[in-house]
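Contents: one structure, followed by commentary.
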Amino acid sequence: MNSLIQKAARWLGVVAVLWRKELRLLLARPPFYVATALLTAGGAAQFFLGGRFFDYGLGSTDLNFFFSTIPFLSILAVPALTMGQWDAGGLLFDESLPLSENQLVVGKWLASFCGACLMLVPGFCVPVTVSFFGTLDLAQLFVGHVGMVLYLAAACGLGVLLGSVSPGAVSAYLVTSVVLAGFSGIHLLPRFLSLPSWLSRLCQSLSFAWHFDSAGKGIVDSRDLVFYLVVTVTLLKVSAGLLRARRRGSL
């Protein structure tokens with residue numbers, strides 16, 4: 001048991017070193033701050049302007065106006081966090097590095113995920129402002145942010161995967177944005193296309209944004225929690241598998 005614990009501690013120690021390095025690099029890049037400004041300004045504009053918060057008799061303290069726009073703003077914001085992570089191509093194939101494929105993937109994912117969570121911090125200006133004008137639903141505030149964190153975990157996993165197979169930072173950004181847009185908006189297809197009921201349900205079950213909808217309303221749904229956890233772990237495992245295949249020359 002002790003040897004197992006020591007092995008796990010060493011594994012996590014290596015991941016922590018990579019995580020700190022990647023996070024420092026991320027925080028030193030301008031795209032992080034552009035993405036943060038986009039997420040904050042877009043969410044605030046949707047709530048205060050789109051929700052007509054300051055119009056007498058029309059405004060509401062329902063934070064769903066704020067939360068509902070975050071998944072779609074993340075289509076542009078999250079790829080900015082993961083687009084440059086794999087630029088140092090030699091890192092993937094240098095056999096002298098004491099890093100396994102799983103450690104590489106987890107370390108880079110942790111850095112982008114922590115960066116995504118940091119992007120949410122300025123957005124707290126919205127509920128703080130609302131609290132001066134009305135009563136906040138604290139349960140909705142908490143559940144909505146938990147939902148955002150889970151959504152960002154899955155989105156960053158997707159970004160890490162697509163970044164690892166893209167030839168450059170720009171292509172990684174574009175591909176991640178397009179694929180994330182697809183997975184966030186696929187539940188809208190039945191509104192525009194006549195689809196069988198089973199296919200409509202499938203579109204909903206695959207949608208990142210659809211699984212966030214309940215959390216944005218302050219409703220806890222264990223199925224959404226399981227969805228995000230399973231998707232995140234699966235994306236990281238696939239990323240590690242692809243790196244392993246590239247190291248062996250299979251791809």
Side-chain angles (χ1 to χ4, degrees), residues 23 26-27 31-48 50-51 53 60-82 109-131 136-160 176-177 179-188 204-236:
L23 187 58
L26 175 62
L27 297 179
F32 169 78
Y33 300 97
V34 174
T36 301
L38 171 67
L39 207 63
T40 304
Q46 167 69 10
F47 181 81
F48 292 116
F53 180 75
S60 170
T61 59
D62 184 359
L63 290 175
N64 190 43
F65 288 108
F66 171 68
F67 289 130
S68 63
T69 193
I70 298 299
F72 298 100
L73 290 173
S74 297
I75 293 169
L76 299 177
V78 169
L81 306 180
T82 60
W109 172 79
L110 273 176
S112 62
F113 174 59
C114 289
C117 292
L118 288 174
M119 288 196 308
L120 298 178
V121 174
F124 275 99
C125 67
V126 172
V128 169
T129 302
V130 172
S131 67
L136 279 177
D137 184 341
L138 296 181
Q140 183 186 26
L141 179 64
F142 175 76
V143 173
H145 277 89
V146 170
M148 284 198 294
V149 168
L150 293 173
Y151 174 92
L152 291 172
C156 288
L158 182 64
V160 169
T176 303
S177 295
V179 175
L180 185 55
F183 276 106
S184 292
I186 192 172
H187 66 287
L188 300 175
Q204 290 180 339
S205 65
L206 293 176
S207 173
F208 283 21
W210 186 81
H211 283 281
F212 175 77
D213 186 61
S214 295
K217 297 174 181 175
I219 301 170
V220 178
D221 191 327
S222 59
R223 292 171 296 181
D224 299 330
L225 172 64
V226 171
F227 169 81
Y228 285 123
L229 292 178
V230 170
V231 167
T232 301
V233 172
T234 300
L235 290 170
L236 297 183

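Computed over heavy atoms, backbone and side chain alike; hydrogens, waters and symmetry mates excluded.
For Thr40 against Pro122, the heavy-atom pair with the smallest separation is OG1-CB, 3.4 Å. Pro79 and Ser177 make their closest contact through CG-OG, 3.3 Å (heavy atoms, listed as atom of the first residue, atom of the second, distance). In terms of heavy-atom proximity, Gly218 sits nearest to Val143 at C-CG1, 3.9 Å. Residues Ala209 and Pro71 approach most closely at CB-CB, 4.1 Å, considering heavy atoms. Residue Leu81 comes nearest to Gly115 through the heavy atom pair CD1-C, 4.1 Å, listed as atom of the first residue, atom of the second, then distance. Counting all heavy atoms, side chain and backbone alike, Leu73 lies closest to Gly43 at CD1-N, 3.4 Å.
The closest donor-acceptor contact from the side chain of Thr232 to the backbone of Leu229 lies at 3.5 Å or more, if one exists at all. For the pair Tyr151 (side chain) and Phe212 (backbone), a donor-acceptor distance under 3.5 Å is absent. With hydrogens and angles disregarded, no donor-acceptor distance shorter than 3.5 Å links the side chain of Ser214 to the backbone of Val220.
For Phe183, the ring pair (Phe, Tyr, Trp, His ring centres under 6.0 Å) partners are Phe208, not counting sequence neighbours. In this view, Phe113 and Trp109 satisfy the ring pair (Phe, Tyr, Trp, His ring centres under 6.0 Å) rule, not counting sequence neighbours. Considering only residues two or more places apart in sequence or on other chains, Phe124 meets the ring pair (Phe, Tyr, Trp, His ring centres under 6.0 Å) condition with His145.
Leu118 is not listed as a side-chain neighbour of Thr36, based on a closest heavy-atom distance of 4.5 Å or more. A heavy-atom distance below 4.5 Å is not found between the side chains of Leu225 and Val146. At a threshold of 4.5 Å between non-hydrogen side-chain atoms, the residues Phe32 and Met119 count as touching. At a threshold of 4.5 Å between non-hydrogen side-chain atoms, the residues Leu63 and Leu141 count as touching. You'll find the side chain of Thr69 stays beyond 4.5 Å of the side chain of Phe47, heavy atoms only. At a threshold of 4.5 Å between non-hydrogen side-chain atoms, the residues Leu158 and Val78 do not count as touching.
The distance from the CG atom of Asp213 to the CG atom of Asp224 is 8.5 Å, given to the nearest 0.5 Å. Rounding to the nearest 0.5 angstrom, the gap separating the CZ atom in Phe227 from the CG atom in Leu206 is 6.5 Å. The structure places CZ of Phe66 at 10.5 Å from CD of Gln46, a figure rounded to the nearest 0.5 Å. Here CG of Asn64 is found 11.0 Å from CG of Asp137. Values are rounded to the nearest 0.5 Å.
For OH of Tyr33, the number of neighbouring non-hydrogen atoms (other residues, nucleotides, ligands) closer than 6.0 Å is greater than 12.
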